[in-house]
Structure formats: structure tokens, C-alpha cells
Engineer: 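This structure is in C-alpha cells; I'll ask about it shortly.
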Amino acid sequence: MSTATLDTQTGSRLLANAAASKPRWERAVPVYGFPVVNRFFVALLAMTGLAFVLTGYRELAGLGPVSGMNDAYGWGIWKTFNVMVLTGLGSGAFAVGIAPWVFRRKRLHALMRMALLTSFLAYACGLLLLGIDAGRPWNFYWIVFPWKWNMHSPLAEVAICMSIYATIPLAIENIPPVLERLWYFDSRLRPGVEKFERRLHYFFPWIIAAAYLLPGMHQSSLGALMLLAGERVHPLWQSPWLPLLYLGAASFMSFGCVAGATMLCCVMWKRAMDMEILDEAARITAWLIFGWLGLRLLDIVFRGALGTAFHADRFAGVFWLETFLIAGGGWMLWRSLRTHKTQTMFLGYVLSSLGGMIYRFSPTTLAFRPNPESLYFPTTIEILVSFGFICMGVAGFLLVVKRFGILPAPLQEWHNMAAYFRFRRPYIRWTGYFEHGFFSDDELEREQQLELTDSD
Amino acid sequence: MAITRRELFVSIGKAGIPAAVALTVGAETLQAETIPIPSAAVGLLYDASICIGCKACVAACAEANDTPPDTRGDQLHQAPSDLNDLTRNVIKLYKPEDGSAFSYVKRQCMHCLDPACAAGCPFQALHKDPESGIVKWDSDKCIGCRYCTITCPYHVPRFQWMGFNPRVTKCELCSPRLEKGLQPGCTSVCPTGAVIFGPRTVLLSEAHSRIKKEPGRYYQGRVYGEKDNGGTQSLYLSRVAFEKLGLPELGPESVPARTLRWQRRLYQYFALPAVLYVSLVQVIRKSLKGHEQEAHEHEKETGLRAQL
Amino acid sequence: MSKHPTIAEHLQASGVSRRSFLQFCSVLMATAPVGMSLTGKTLHQMAATIGKTKRPSVIWLHFQDCTGCTETLLRTSAPDVAHLILDVISLDYHETLMAASGAQAEAALNSAISDNAGKYVLVVEGAIPTRDDGVYMQLAGRPAVQVVREVAAQSAAVIAIGSCASWGGVPSAEPNPTGAVGVNFVVSGKPIINLPGCPPNPYNLLAVVLEYVTMGKLPEMDELSRPKFAYDRVIHENCPRRAHFDAGRFALAFGDAGHRQGWCLYKLGCKGPVTHASCSTRHFNEIPGVWPIGIGAPCLGCTEKSVVWRMGTFETVPIHLATPPDTYPPIYSAVGGIKVGAAALVGAIAGAAGGATWVASQRFQSSQEAGAERLEVDRAHAETLKPSSASLPDKPRPDKPLPHKKES
């Protein structure tokens, strides 16, 4: 079907919406008109390449020469930032997913693909760095023997759960956009794709349920990791509620990441934003933030640690910084619901996510005091590797978002995209998403005509 | 459908009641659980008030374990400033600036009865020998995650930072020497008998008899490690406060028991996760049905293939 | 008196007091408290054992030497002792000490050999040249190699005294033009014991000789045939200045304050850590402190073939068995730090991220309207792009056949 033969009723509704500046996200549409390979992308790839080279050096020389980790601080930013913090940001598949699937906030289905993609990339980055950070990674094969696992160990739980989660439920949930593209790409593949999709949908409940159970388990176990450190974590953070607080932080951080990233992408690629959905997301996030802040405050008060928040040292400083960021972010989100200002909403997401990141980072590094004399700061190589793999994630995101249907958009956008691909250069046509994927005889001729006119 | 939350809680409740019962029963048994003492528990008794700080034990430890002496400090002397990847045993000096009583302290693995390092080790590379109670490191299982360096309350296991085949180093009570009927390296060279080796029960009674013989000589008249941290196999007697020597006051509960109690309960037999999983599947099934229906309607409206 | 009197008989005949003899025995005990079965007895037992033994016959040959080892035997602080030494052993041939020379000396050697054939102890002083058929050292016209082999053939045991006889010594220093080697290089088939040193302690020689003649065996030796009682430890292990080494107090130049205070000479090139010898416990001339390090001269390593005349005098040696120093680490040691470059990088990344976020957030204000506008524009544009359905030639594409669905 071409644009002109759209159902008149739906078409007029959609056009009315567009005209009334109240766009609705109806479909995930690939980002078109922006080339994948631009200077920014090349720079990202260069950083990734550098990170790989430095990783090779790390594998040969050991962890000491490349990192600032020492006997007092056994964990550096690879574990504490890329794994603990970034997978928290990347729990979108969990938090943003639970809202529509379990709590029936159906509008948020539009954000699902973004959430799944960001989660997958964040977990891929995190797991890669987990492997790089391990000193003796060749012994990871024990993961295949469950009877050798020490299930009392929070770290075993994290490593095993994260690996299973990223490779099975999360990966499988990211397959539908690929299948969709295959369906549009080649009609010969369609029967196979449809059969595969049916099989997949049959298992979906189990896969999706696992995709919520497993992150719930390991995001909270990430918090439990520092429980064993006992007194060495400053009392403002060390608490029996650490697993729950980590899980809560992951929730609002990931909302921030998904919704914030979606907003940013819409702005960058000039897409319309669906304020109904974004408002809903902001509302949920704000409630999560306030609930979390309340829980944290109660926890600190009941443990009698509130006094330490008023000492003049760096721990109190970090505590107030993260609290202000989270509270400020939550407040901005709440305000944006009233003022309908997307800038406020975006900044609200950014601030609260930043605060959440600092919160998850503190117990392992900023608030960790193994002995009074020691210090940890990452080395240049450590930072470059960490940053390089983040760049890899971003580059992967840019590539996928421009080739697959991930970013939500109004329906009109789909038709525009199809039109864009159909009537440009021939080689782009073959990667396009036209409605039936192939030319009819009329279209063949028209195309020929275009070519003849082009060559004149 | 607006009955989502209720549905969820109801379905959890249905499947969860038997599980909750199981958990409560399990929790009670966990609480009553005491830490087992190995049948042939051996250990060290270090009396800081007799130690003269000669450091023969430091040199002997390196020799007994076939480790080159750590000369990285000044390239001349074996002078490690702390335990590290080449040093399993170190003598430190506590010397307060106000001139009050000073003391040497010998630091090595405490061989806790409920070791936090073994509790945290993902693939049980650090494990406690069920008979002798010695906590050993198995290079075949270790993934080098360094969690043990973080969980140990005494900061004993040390990771080898240089090289591509790093190991985790800590005192293992010279098990190869013990098998040959020899004493551990440190106790075999101590000139004053400040550190002695033997079965834990014998060492405890020796320590108590020393305390009884000279009441007031030892700090609080107690043996560190008898009950501290759930009990350790390396026992300490000291004139000055244990905390000043770097031995933290941890209370009678072991670190894993105290901090992982809820973690252990919630994951007991994987009951709770399984229950949650089953109820989640139910909820999602219903959700999925509704979602698919809507998607098909949308498909008909727009003429474009549904995106599920 | 018989031709071969016991030591006790000879001493009595020479008028040496029992007191002197007992003193001599006690010095021997101090020389070798362990490693010899002779000194594993009480003093009186040892004196009795020695007294009963027949006075051992010793033939002393000199080759490429400086006679220093002989001097060390005689340079005792108390003259009685030197005499005593010569009373305990019967030095039947010694070129420096005997009166004879020339043909008489040759005859003395031959008679010494024949009189005590199979029973005398051969002491060799000096290295033996082997290059050019050994012409560089000849005794009565015969090369040293030949002489030593002949004399050793009829001896009971061979003692190579001094570094020269043990492994070649000074003559063997680069480029070793004479091919100087130690005794065990040219003699075989007899028990040989090396007493390296330049010179060695005389009591080591005495202890070895007496052990051999009283007990019938040489003391326990290491893999270089040196007696363990004197050469099993390096100087560094027993050095009186070791406390200064452990405390890190080093003399850095001759005559500086540290040197004057008797601090460790390691940094001046003392070879004590790699030199096996007994000098640090048994000093020379029976006076404590009379030995190289004791007078402030770093040890040269004169007993070791790989050290003396191979390493520089002031070259520092590696410590093979490092030991703890005299300092103590505190309860908590400082570890880790912040590097400026890394901090700058973090700052740069954080700044860039923050800046980018701020710039992005600024664009939000205008975006919302722009998005809806673009939709309109795109839709209109899409309409214009649709080509007219004018009649077109009915030809398939010539080169790239597009697979197409047949319109049903």
C-alpha cells in the first residue's frame, strides 16, 4: 500500500494529531536520512579500537601495570562502574519492561524496544569488562557446572545470573526487530521468519518472566556484594537494605536512561515526542525516586547513621551530592509534568540518573575505606578502556537504531521512511523497509524511468 | 484491564503460601545453625607480649613456601610493608606516639571457622578443609575476581597484580610441611616461642592457662579468635588492645552469618525465585494475550505489520 | 725416642707445656666447633686423641705462589703458637722454612717421600701452570704438573691451601697466560681438600690436618671440596657489621662519617654476601678485629673463583638470600594514589559529557514544535515524490534483473 491508499479514517486521525502537535508514538521506525558513518561514529570506533588494544596489553601484562587497583582497593572502575553502575542504567528491560508487562501500563510498550536495546548494549559492555577485569578468566568455564557454584556467594549469583540473562532472555527479546527487518528485506524469507516468530511467541511468557526475575535477582545481589565488606563501607551506605536499595536505584536510573535517551534521540533526529507516554514514564520515575528516597532516609535514621551525614568529610559530601541530584531530578520530573517542558524532564532524568549512578558507585569506591591510609584512583589506561567500551556501546546503538525499528515514532514517520528508501539511490532500496519489500511491475518501470531521467 | 496489581499479588499469594511456610521453617533452622569446628582443627597461638620482632618468621615463611623474598621496597632487604603477593606473613609494629606500650604483631591468615573469603568465592577456589580447617586456595577454580580481598575482614588474601597468570596468596599453614610431620615455617624458627602451632583446643587451653597464670598481663584477659568473628584458628594474646594491632572487633557472629542472613534465607532452595517466576509467567501470559490482540487490531487499522 | 713419635711425646721432648697444648686445642675447637669429629669431643678427650696420634708428616710444595699461605701459618701473634704448630706437625719438606737448597733440597724431598710413603699429608701452595707443557713453573728442571702428580701419588691426602692451589688464584686471573689451575685439576685418585683464601686462616689448615691424622678421614666437604666447618656460610651471614646492614646504615665513601663509625661496607663493594669463608667469625693473628672488614676494607671475596679478580673491587653484589631489615612496617600502610594525567582525563570526559548534555538539553525547547512540523513537511514531500503514472516502455532492466513479485 502506498501513502495515498491509507485508510481515510485512520489517516485523517493521524494527520489531525500531527497537525495538532500532539504526536503519538505508534510504531518503532528506523532512523533514516542520517548516515551511520559520520565523524562522530568514526571517533567512537577509534576509541573502541584503542580500548581493544589496551585490553590486549592488559591480558599480557596483568592488572597491576594497567590499572590503579591495589591491595587495599581490589576492585576498580571496571567492576564498580562498568558493571555495577552501567548495568544499573541498563536495567531498562527490567524496570521499563515490568511496567507494561506486569503492571499493565500499556502505553510504555512503545519504549520497550529502546529499553531492550539499551539494556543489551549496557550488559554486553558490562559483561565484557567483567571478563577483562577477572584476573584468571580461563577458569570461567566452571560456570557450566552448577554443582561447583557457591550459591551463597553474591558474586557467583551476579556473574552467573548476568551471563544467563544477557545471553538468553535479553538476547531473545532483542530478536524481533531483526526478524522484522528480515521479513521486509526478502520475501523469500517471510515464511521462515513467520514460523520462527510463532515459535518465539509461544515461549515468550517464559522468556519475558525470566527477563524480569533474573535482573531482579542480580541487580539486588549487586547490592549484596558489599554487605560482606561490613564496617569498611561507610555507615551512610552500609545497610541490610542494600540489595533493595540497589534494585530501586536501578529502576529509576534505567527509566532515566531509556526515556532520556529516547528524548535525546528524538531531538537529535528531529522526531516528534509523545508527551502522553513520556509523562507517564516521568510520573512513574518520580514516584520511584520519592519512594526510594524515603526508604533510604528511613534506613539511615533507623540505623542511627544520620549523624555522620553532618560531619565535614568527603563521605558526607558524596552523600549530599547524590541525594540532591536524585531529589532534584525527581523534583524536576514532577515539575515537568506541570509545565510540560521537555527540557526540564530531560534534565530531571539526567540528574536523577547521575545521582543514582553515584549512589551505586559509592559503596564500592567512594565510601569504601579498607584502611585509613589507602587511596584508589583509576589510571589513564583503565579510564580509556572503560570509556572505549562505552563508546562501543554507543556506536552499536547508533548503528542499530539506524538500521532496525527501535525508536518509536508516529505512524506517519514509517511511511516517510518507506518513501525515503524507495525513491533514493538503488542500493539503498535494498536495505529499505517498503511495505511489500519488492517492486511490482509498475514500480519497476517507474524506477527505470527515474533512472533514465537521472542520467540525462 | 485495571486489576493488574491485585492479580499479581493474588497469584503470588497462591503459590507463595507453601513457600513462605518452607522459608520460615528454613529460617528457624538457619538461626539455630552453629558454625562447625573441624575435627582436627589446627592453628597458631601468637603471644604478642613475648614477640621480640626478630622477623625470623617472615624469612622462614618465604623459604618454606618457595617464594622469593620481597625486596621490592629497597631492592636490598626483605622488607614488605604489608602482606602481599609474595608475603604470607608479616611482622608489624604498633608504636604509639605518646610513648605508651608498644607491641609487635604477626599478621597472617586467621583461618576463620566461617571464612568470609570462602563464603564469597564464586567457584569455591578458597575452601576450608573439613578436617584441618585450613583455608586453601585452588588455582584451578580461581577466576581472579578479587572478591576475597574485599570480603576478608582481616584483609589477608592478596592478589598478584603483575603478570598474566596471577595467583591469590595467603598463609595456608604450610600444609605440605604438615603432611611431612614438620611444623609450619614460622613456628619452627621462632626463637622465643611467641608463635606456636598445635590443635586449636590445645592452643586455647594453653592460652587460658597463660591468662590465669598472669592475670592483668593480657588485654581484657581474653584470647582473640576464641569467639571473635565466629571463631578463628589463629589465636592472639596481646598486652595492648587488639584493635590497635589491626585486629578489628567483629563480635561473636561471623561476617557471612551476620551479613548474608537474608540473602541466604531468600534464596534457600531457590524457593522464592521459583515461586516468583511461576506467578510472573501467569501474569505475563495474560498481558501478552492482551498485547497481541491490540497489536493485531493496530495492524488492521494501519495496514502495517504488527511490531511485537 | 722412636723415629715416629706421637705428638704428645714430641711436645714433651720439645718442652711445650701441657697448658700451652690445651690452649692450642681449645683454639682448634673454636676454629671448628662443628663439622669435624675431632672437635665433637670434650677438650681433654680431644687433647688425648691428638696426643696419642703419631706426629703427622707433612710435605709442603710451593708452585705459582706468593708464599702468603706459609706466612699465614707463621704470622701468629704469639710466637709460641707458631712453634707449637711446627711441633704438632712434622714439616718434612718446606722450601721456605728449610735450610737446605739445591741438590740437598731435592734429596730432602725424596727422602721425605720414601720415609713416609703412603702416610704423609701433601700440602700444595700455589697454582700449577698447564700451558705449553707446564714450563712456566719448574722444580729442579721438572714441570710442576709432573712434580705434583708424583708427590701426590704417594701421599695419603692432598690439601690445597690458598686460592691459588684451590682453583688457580691470582695467576689464573684474566688472561691467565700460564694456564694456571688448581690442584684438583691435575691430580686425581687421592682425597683432595681445598682451603681457598688469600690467605686462609691457618687454624683451618691445622684442623684439617689433625682431623685427618687422628680420625683417618677428611672433614665433611661441600661440592667444591671445601670443608663445611669453615666454608658453609657466607661472610654476610656472620658479619659483625650485619646489624648496620639490617638497619640500612652504609658507609658511602672511605673516611666518611659512616665509615669512621664502622658502618656496613656493602655499598663500597663488599663481597661478603657472596663469599664463603670463615673470616667473619675467626679473625686473623688471633686478635679480634684483625680482618679486612674489621679494619674498614670491604671484603674482596678472595676465596671465590667467580668473585675476586673477576668482579670490580667496588662493584656491589646482589643479595641472594634477602632477609628482613631492622625496620618495621606500621599497622596500616599507605597504598595507591592519584595520578595527575588520569585525573585530568576524568575531568575532561566528565566535562565533555556534561557540556554535551547541556547543549542537548538546550535543543529541547525548539524540538517539540519542529517534530510536528517535519511530519507535515515530510508528508507533503512524500506526495510530491510520487511520480505520475504516464505510460512507460515495457522493458525489464537489462543488467540487474530485480526479483519481483508477480502481481496476482
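It should be emphasised that the depicted structure is a prediction, and the values quoted were computed from it without experimental measurement. Proteins come first, then strands; the chains are lettered A, B, ... in the order of their sequence lines, and each starts at number 1.
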Engineer: With rounding to the nearest 0.5 angstrom, report the CG to CD distance, Leu347(A) to Gln362(C).
Structural biologist: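 Between Leu347(A) CG and Gln362(C) CD, I get 8.0 Å after rounding to 0.5 Å.
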
Engineer: Nearest 0.5 Å, what's the CG-OG distance between Asp71(A) and Ser333(C)?
Structural biologist: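 Reported to 0.5 Å precision, the distance equals 10.0 Å.
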
Engineer: Find the distance between CG (Leu345(C)) and OG1 (Thr380(A)) and round it off to the nearest 0.5 Å.
Structural biologist: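 Result: 6.0 Å between the selected atoms.
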
Engineer: In Å and rounded to the nearest 0.5 Å, what is the CZ to OG1 distance from Phe346(A) to Thr357(C)?
Structural biologist: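 So the CZ of Phe346(A) and the OG1 of Thr357(C) are separated by 6.0 Å.
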
Engineer: Going from CD1 on Ile349(C) to CD1 on Ile383(A), what distance comes out if it is rounded to the nearest 0.5 angstrom?
Structural biologist: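 It comes to 6.0 Å.
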
Engineer: Within a 6.0 Å radius of atom CZ on Phe40(A), are there more than 12 heavy atoms belonging to other residues, nucleotides or ligands?
Structural biologist: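 Open: at most 12 neighbouring heavy atoms sit under 6.0 Å from CZ of Phe40(A).
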
Engineer: If I measure from the heavy atoms of chain A, does Ala343(C) come under 4.5 Å with its side chain, its backbone, both, or neither?
Structural biologist: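 Contact with chain A is through both the backbone and side chain of Ala343(C).
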
Engineer: Are Lys339(C) and Thr379(A) close enough that some pair of their side-chain heavy atoms sits under 4.5 Å apart?
Structural biologist: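 Touching, per the 4.5 Å side-chain cut-off.
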
Engineer: Would you say Arg242(C) has more than 12 foreign heavy atoms packed within less than 6.0 Å of its CZ?
Structural biologist: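 Buried by this count: over 12 neighbours within 6.0 Å.
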
Engineer: How about Arg249(C): does its CZ atom have over 12 heavy atoms from other parts shown lying under 6.0 Å from it?
Structural biologist: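 Atom CZ in Arg249(C) is packed in, count exceeds 12.
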
Engineer: With a cut-off of 6.0 Å (strictly less than), are more than 12 heavy atoms of other residues, nucleotides or ligands near CZ of Arg310(C)?
Structural biologist: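 Yes, the 6.0 Å shell around CZ holds more than 12 heavy atoms from other groups.
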
Engineer: Shortest non-hydrogen contact from Phe377(A) to Gly337(C)?
Structural biologist: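 Reported closest heavy-atom pair: CB-O, 3.8 Å.
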
Engineer: Looking at CZ of Phe364(C) and CE of Met345(A), how far apart are the two atoms once the value is rounded to the nearest 0.5 Å?
Structural biologist: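 Nearest 0.5 Å value for the CZ-CE distance: 9.5 Å.
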
Engineer: A quick test of your reading: do over 12 heavy atoms of other residues, nucleotides or ligands sit less than 6.0 Å from CD of Glu373(A)?
Structural biologist: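 More than 12 within 6.0 Å, yes.
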
Engineer: Measure across Ala360(C) and Leu264(A) and return the closest heavy-atom pair with its distance rounded to 0.1 Å.
Structural biologist: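 That closest heavy-atom pairing would be CB-CD1, 3.3 Å.
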
Engineer: Which bit of Met263(A) comes within less than 4.5 Å of chain C, counting heavy atoms only: side chain, backbone, both or neither?
Structural biologist: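 Both backbone and side chain.
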
